[in-house]
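Encoded as structure tokens, the structure appears first; notes follow it.
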Amino acid sequence: MEVQDQESVGRWDRLGSRDPSSRADAIENICQEVMRKVETIGPIPPVAPLSLASGSPPGNDLNDILAHVLMLSRRCPFEDVRERCSQLLRNIQDLGIRIPRPLGNGPSRFIPEKEILQISKVDSRTQSIFEDAFAALGRLDNISLVMGFHPQYLESFLRTQHYLLQMDGPLPLHYRHYIGIMAAARHQCSYLVNLHVNDFLQVGGDPKWLNGLFEAPQKLQQLGELNKILAHRPWLLTKEHIEGLLKAEEHSWSLAELIHAVVLLTHYHSLASFTFGCGITPEIHCDGGHTFRPPSLSQYCVCDIANGNGHANHHDDLLGNQDMCGEVEVLMERMKQLQECRDDEEASQEEMATRFEREKTESMLVVTSEDEESAPPRDISRHFEDPSYGYKDFSRRGEQVPTFRAQDYSWEDHGFSLVNRLYPDVGQMLDEKFHMVYNLTYNTMATHKDVDTSMLRRAIWNYIHCMFGIRYDDYDYGEINQLLDRSFKIYIKTIVCSPEKTTKRMYESFWRQFQHSEKVHVNLLLMEARMQAELLYALRAITRYMT
């Protein structure tokens with residue numbers, strides 16, 4: 001890299017400094033540099049080329065730089081940087097040069113922007129986490145902003161993700177980002193694919209690999225089958241699949257590398273679920289996040305209106321209020337009755353097993369979407385093979401998901417120690433993250449306070465594991481039908497099994513009286529329960545291979 005480029009990179013990096021004077025110097029230098037470039041180039045064409053998706057400093061193209069400045073004016077956690085970047089864009093516009101504007105309304109298509117951006121203003125802990133994330137990555141991405149409703153969890157999530165992607169580990173850095181691309185592509189999650197394409201290039205990855213999986217090394221190509229099965233039907237994973245990867249002669253994986261790869265695959269499959277489940281939008285400085293075209297007369301871009309962002313939020317929907325009244329109270333009453341039944345009588349083991357089988361069979365009949373199959377876009381599908389392979393096929397063919405008994409192989413007793421042995425510290429981090437989300441509560445339900453929600457959280461977690469064929473002997477699966485209504489089950493199954501089919505209507509149709517922060521909490525539960533289910537099947541297969 002030339003000295004000049006290194007200086008430029010340094011300036012952008014210093015915007016994450018905790019020292020206000022250091023940030024002020026950096027932004028002053030950037031403003032001067034940008035204005036010099038503007039004066040040299042003069043007015044630029046209206047349509048921007050593909051922009052950088054990562055938080056890394058923009059290239060030399062003025063459109064790229066302006067998109068990056070726009071992102072900072074809206075997303076930098078430091079107010080001084082936001083204000084200075086906004087002023088810079090106004091100054092450039094005054095010179096007759098077209099500046100970018102954001103597309104869409106904030107980090108989520110489902111949640112009003114003002115509600116998300118309010119979080120860090122009222123919570124100093126969240127603000128501090130946002131500042132740390134920005135300093136580390138040069139960006140504060142939309143996923144983190146939405147997770148900011150739950151700062152305790154966000155801290156654990158970012159620490160784990162940072163360790164998996166950037167700290168010492170069995171796999172080289174570019175392999176890690178490429179595996180992230182492969183995993184996110186299985187669910188057509190262009191948001192995560194774009195993010196990691198740029199991170200992959202940033203750490204020196206070979207651009208040729210991005211032409212398609214066939215251009216990547218044989219060793220990574222061999223992960224294709226594992227990626228496919230884990231994403232859609234993890235119960236089909238066998239020790240033979242593991243053996244094929246560990247004994248592939250010159251392209252073979254070591255056990256430690258394989259554990260790292262498995263954790264990354266499951267992390268990004270489940271993160272794709274969260275991305276779609278919360279309606280995460282493209283980053284402002286990415287392709288699809290901004291435009292250089294002037295606003296239309298109505299001030300809404302077509303995509304906003306299509307996504308319903310031009311209308312009042314669903315919580316203000318007066319027509320729906322009659323239906324919604326009492327939804328929370330009914331749920332609380334059911335929880336109370338179930339607790340009383342638990343205290344009075346306990347079902348027999350046979351009855352518990354029958355209820356599990358009934359719930360598992362019913363979960364297969366919950367249809368995720370009426371839509372016709374749509375082929376994934378070419379830029380996504382090239383990163384994986386066999387695009388027609390999905391979760392739903394088995395129920396159509398009447399295949400039975402074999403029951404996986406948690407007491408025979410559980411995370412606590414088996415999976416945790418295997419991960420920790422082969423990839424030190426990661427088992428501990430995952431364990432903390434699982435426990436964090438499972439036990440996370442503010443003892444509230446909508447406007448009600450001092451509510452014990454543990455029964456509801458357990459029903460959601462166990463329903464997801466039930467869809468994957470995992471059974472807990474000590475749980476009465478009859479509770480699931482009492483606590484989770486049909487619209488909620490459809491939402492859960494879609495997010496966990498076919499997240500790319502999620503719609504805003506699905507998000508709005510469940511728990512209509514609840515806060516957005518509570519719906520984000522649901523998505524965190526779905527993401528972590530899904531990740532643990534996939535991990536259990538993969539780790540059990542590895543254990544069987546080893547014994």
Residue pair T441, S454: steps toward the side chain to side chain contact (heavy atoms under 4.5 Å, CB included) verdict: CA-CA 8 Å; T441 183; S454 55; over 6 Å; no

CA sep, side-chain torsions, deciding dist, call: L539, I259, side chain to side chain contact (heavy atoms under 4.5 Å, CB included): CA-CA 8 Å; L539 298 173; I259 290 283; 3.7 Å; yes

Worked check of side-chain hydrogen bond (donor to acceptor under 3.5 Å, both in side chains) between R90 and Q93: CA-CA 5 Å; R90 286 195 294 273; Q93 194 171 26; over 6 Å; no

Worked check of side chain to side chain contact (heavy atoms under 4.5 Å, CB included) between L430 and F416: CA-CA 8 Å; L430 293 175; F416 166 74; over 6 Å; no

Criterion side chain to side chain contact (heavy atoms under 4.5 Å, CB included) on L192 and I143, from CA distance to verdict: CA-CA 10 Å; L192 289 172; I143 284 178; 4.0 Å; yes

Full working for ring pair (Phe, Tyr, Trp, His ring centres under 6.0 Å) between H150 and H521: CA-CA 8 Å; H150 305 285; H521 185 183; 5.4 Å; yes

Worked check of ring pair (Phe, Tyr, Trp, His ring centres under 6.0 Å) between H187 and Y268: CA-CA 10 Å; H187 285 307; Y268 282 104; over 10 Å; no

Test log, rule side-chain hydrogen bond (donor to acceptor under 3.5 Å, both in side chains), inputs T126 and D123: CA-CA 5 Å; T126 311; D123 189 300; 3.1 Å; yes

side-chain hydrogen bond (donor to acceptor under 3.5 Å, both in side chains) evaluation trace for N198 with H177: CA-CA 9 Å; N198 285 278; H177 291 293; over 6 Å; no

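Taking a cutoff of 4.0 Å between a charged side-chain nitrogen and a carboxylate oxygen, R530 and E534 qualify as a salt bridge. Salt bridge annotation for R14-D25: absent, with no cationic side-chain nitrogen under 4.0 angstrom from a carboxylate oxygen.
Scanning both residues, P282 and G289, for their nearest heavy atoms gives CB-N, 4.0 Å. Minimum interatomic distance between L15 and A26 (heavy atoms only, all atoms of both residues): CD2-CB, 4.0 Å. Closest of all the heavy-atom pairs between A184 and V193 is CB-CG2, 3.9 Å. Residue E508 comes nearest to R512 through the heavy atom pair O-CG, 2.9 Å, listed as atom of the first residue, atom of the second, then distance. Between S108 and I116, the shortest heavy-atom distance links the atoms CB-CD1, 4.0 Å. Shown here for R75 and N142, the closest heavy-atom pair between the two residues is NE-OD1, 3.5 Å.
Between the side chain of S144 and the main chain of L140, no donor-acceptor pair closer than 3.5 Å is present. R23 places a side-chain N or O within donor-acceptor distance of the main-chain N or O of S17, the cut-off being under 3.5 Å. In terms of modelled atom types and a separation under 3.5 Å, the side chain of T266 and the main chain of V262 share a donor-acceptor contact. Within the 3.5 Å criterion, the main-chain N or O of C85 finds no donor-acceptor partner in the side chain of S73. Looking at Q513, its side chain does come within 3.5 Å of a backbone N or O of E327 through a donor-acceptor pair. Remark: the backbone N or O of T291 is not paired with any side-chain donor or acceptor of R101 at under 3.5 angstrom. A donor-acceptor pair under 3.5 Å is absent between the side-chain atoms of S22 and the main chain of D19, judged by distance alone. Using modelled atom types, one side-chain atom of N439 and one backbone atom of H435 make a donor-acceptor pair closer than 3.5 Å. Between the E518 side chain and the A446 main chain, a donor and an acceptor come within less than 3.5 Å of each other.
Residue pairs meeting the salt bridge (Lys or Arg N to Asp or Glu O under 4.0 Å) criterion with at least one member in residues 142-155, sequence neighbours excluded, are R125-E155. Judged as a salt bridge (Lys or Arg N to Asp or Glu O under 4.0 Å), not a single pair has a partner in residues 435-452 (not counting sequence neighbours).
Side chains of V419 and D431 form no contact here, defined as non-hydrogen atoms less than 4.5 Å apart. R458 has its side chain within reach of Y438: a pair of non-hydrogen atoms, C-beta onward, lies under 4.5 Å apart. Counting heavy atoms from C-beta on, the side chains of M147 and F274 come closer than 4.5 Å. You'll find the side chain of T453 stays beyond 4.5 Å of the side chain of Y442, heavy atoms only. Using a 4.5 Å cut-off on side-chain heavy atoms (C-beta onward), Q152 and M436 make contact. Within the 4.5 Å cutoff, the side chain of E215 has no heavy atoms near those of the D206 side chain. By the 4.5 Å heavy-atom criterion applied to side chains, F130 and L145 are counted as neighbours. For the pair D64 and H68, the minimum side-chain heavy-atom distance is 4.5 Å or more.
The closest side-chain donor-acceptor pair between Y491 and N523 falls under 3.5 angstrom.
By the side-chain contact (heavy atoms from CB on, under 4.5 Å) test, E257 pairs with P170, L171, K219, W253, S254, sequence neighbours left out. Applying the ring-ring contact (aromatic ring centres under 6.0 Å, His included) rule to H260 yields the partners Y423; only residues at least two apart in sequence or on another chain are considered. Under the rule for a side-chain contact (heavy atoms from CB on, under 4.5 Å), the partners of E83 that lie at least two apart in sequence or sit in another chain are E79. R84 is linked by a salt bridge (Lys or Arg N to Asp or Glu O under 4.0 Å) to E28, counting only residues two or more places apart in sequence or in another chain.
A cation-pi arrangement is absent between R139 and F134, since the terminal nitrogen or guanidinium carbon is not both under 6.0 Å from the aromatic centre and inside a 45° cone about the axis. Relative to the ring axis of F514, K519 does not place its NZ or CZ within 45° and under 6.0 Å from the centre.
Classification of the W209-F200 ring pair by plane angle, with boundaries at 30° and 60°, yields tilted. Ring geometry for F434 versus W461: interplanar angle over 60°, hence perpendicular rather than tilted (30 to 60°).
To the nearest 0.5 Å, the span separating OG on S156 from CE on M429 amounts to 8.5 Å. In this structure, CD1 in I280 is found 6.0 Å from OG1 in T275, a value given to the nearest 0.5 Å. The CD1 atom of I492 lies 10.5 Å from the SG atom of C497; values are rounded to the nearest 0.5 Å. From L70, atom CG reaches atom CD1 of I99 across 7.5 Å, with rounding to the nearest 0.5 Å. Distance CG/L88 to CG/L72: 10.0 Å, rounded to 0.5 Å.
The environment of CZ in R74 is sparse: at most 12 heavy-atom neighbours from other residues, nucleotides or ligands sit within 6.0 Å. A 6.0 Å sphere centred on CZ of R505 holds no more than 12 heavy atoms belonging to other residues, nucleotides or ligands.
Proximity of the aromatic rings of H267 and F157 is defined here by a centroid distance below 6.0 angstrom, and this criterion is met.
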